[in-house]
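Below is one structure, written out as structure tokens; the observations come after it.
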Amino acid sequence: MSDTGPASVVAGLGAWLPPTVLTNADLAGRLDTTDEWIRSRTGIRQRRVIAPGEATSDLAVEAGLRALKSAEANEVDVVVLATSTPDRPCPATAPEVADRMGLTEVAAFDVSAVCTGFVYALGTAAGLIASGCARSALVIGADTFSTILAPEDRTTRAIFGDGAGAVYLRAGLATEQGALRGLHMGSDGSRSELIEVRAGGSRQRSTGRPAESADTYFAMAGRPVFAQAVRHMAASVRTTAQRAGWDMDTVDRVVLHQANARILAAVADQIDLPADRFPSNIDRVGNTVAASIPLALTDASSNGQLTAGQRVVLGGFGGGLTWGSVALVWPDLTAIGPEPLPDA
Ligand code: UT7
């Protein structure tokens, strides 16, 4: 983090989920899968999905408004939206989200880093605050992967869910609770094909040939991605704790991208921390991509697992490949979620 400019302080937290619940039993009725397979391999019991005609911006607006309310803030200099499922390929979705929130003429842009998107967006917003370009920022993670999954792909359809979460950042002091104290981001583009939507971009469109149907959907090589996720999230969390000046065993909570309950357990094992320091809501929401970390934060804050004064490291990993993490002392705030997430 910058030692010279203002620090970025988390002052509000909000989240939103579409009301439609898709259980494992629902999926088992349509695909060659079982509740037992999904629970034991991923920890997921249910996920939320948008209704026909809804889009990522609809969720982002709801989460953003809740984060502003949580912060009791009405000024926003920049809206940074992390998403890989924008409403349209062009333009970015953030300006429409800002407009619909009543934030007229603010800077607004999307960040594309798949499941690491929220961490990248936090880092970008913190940089704008440190440079003096912005005094406040709304950082939203929102995705609707239900719109890009192949209908017959039992693996991806078992994992992903839709949702949105947001934090409000304001300029402040590095010594305040809520100030971002350490940040680490990385990528490995040589493995981009492990997580991709192959068609729909300039590479395919410039051929002049229509896309193969299968290439228009999201695809993931589960096993190698699993190994990479554990390796990079564990290393990144360690690096960020070190940058914050914290010994790993003094970190109270590690809030990771909710990719798979077995990944959370493996990272806990690698960094040698007890599993109860890793709050998780994956059983109720699945993998919500860029929304995953702020949704998990909202859940943990609402159920008392996250409290003011705790040392917290957030960690993400996703397509690109990309990864990153952020350290902060948890601030005294009231998160505003859709409702307490019910047990499945
Ligand atoms: O969000 C960012 C990045 N994403 C991740 O971090 C995800 C990382 N990967 C994973 O979480 C796991 O690899 C998966 C959950 C995707 C898959 O679990 P796995 O234990 O690695 O299973 P697998 O891919 O090795 O497949 C094992 C078997 C296969 O059958 P065969 O070939 O052994 O007969 C799959 O076809 O499980 C089968 N399978 C399923 N069976 C029932 C795959 N999906 C399903 C399913 N239901 N939904």
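Ligands are counted one by one from 1 in listed order, and the atoms in each one are counted from 1 as well. As a basis for the values below, the full set of heavy atoms in this structure was taken, side chains included, without hydrogen atoms, waters or symmetry mates.
- Within 4.0 Å of atom 42 (C) of ligand 1, at least one protein heavy atom is present.
- Note that atom 36 (O) of ligand 1 has protein non-hydrogen atoms nearby, at separations under 4.0 angstrom.
- By the definition of a contact as any protein heavy atom under 4.0 Å away, atom 32 (O) of ligand 1 is not in contact.
- Protein heavy atoms are found less than 4.0 angstrom from atom 47 (N) of ligand 1.
- Using a 4.0 Å threshold on non-hydrogen atoms, atom 18 (O) of ligand 1 counts as touching the protein.
- A side-chain donor-acceptor contact under 3.5 Å links Ser292 and His257.
- Protein heavy atoms are found less than 4.0 angstrom from atom 11 (O) of ligand 1.
- Ligand 1 lies out of reach of Arg157, whose nearest heavy atom is not under 4.0 Å from it.
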Test log, rule side chain to side chain donor-acceptor pair (under 3.5 Å), inputs Asn260 and Thr42: CA-CA 5 Å; Asn260 184 323; Thr42 70; 5.6 Å; no
Ile140 vs Val97, side-chain contact (heavy atoms from CB on, under 4.5 Å): CA-CA, chis, key distance, verdict: CA-CA 10 Å; Ile140 309 175; Val97 170; 3.9 Å; yes
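- Close approach to Thr33 involves these atoms of ligand 1, each under 4.0 Å from a residue heavy atom: 42 (C), 46 (C), 47 (N), 48 (N).
- Not a single heavy atom of Gln228 sits under 4.0 Å from any atom of ligand 1.
- The protein does not reach atom 29 (C) of ligand 1 closely, with no heavy atom under 4.0 angstrom from it.
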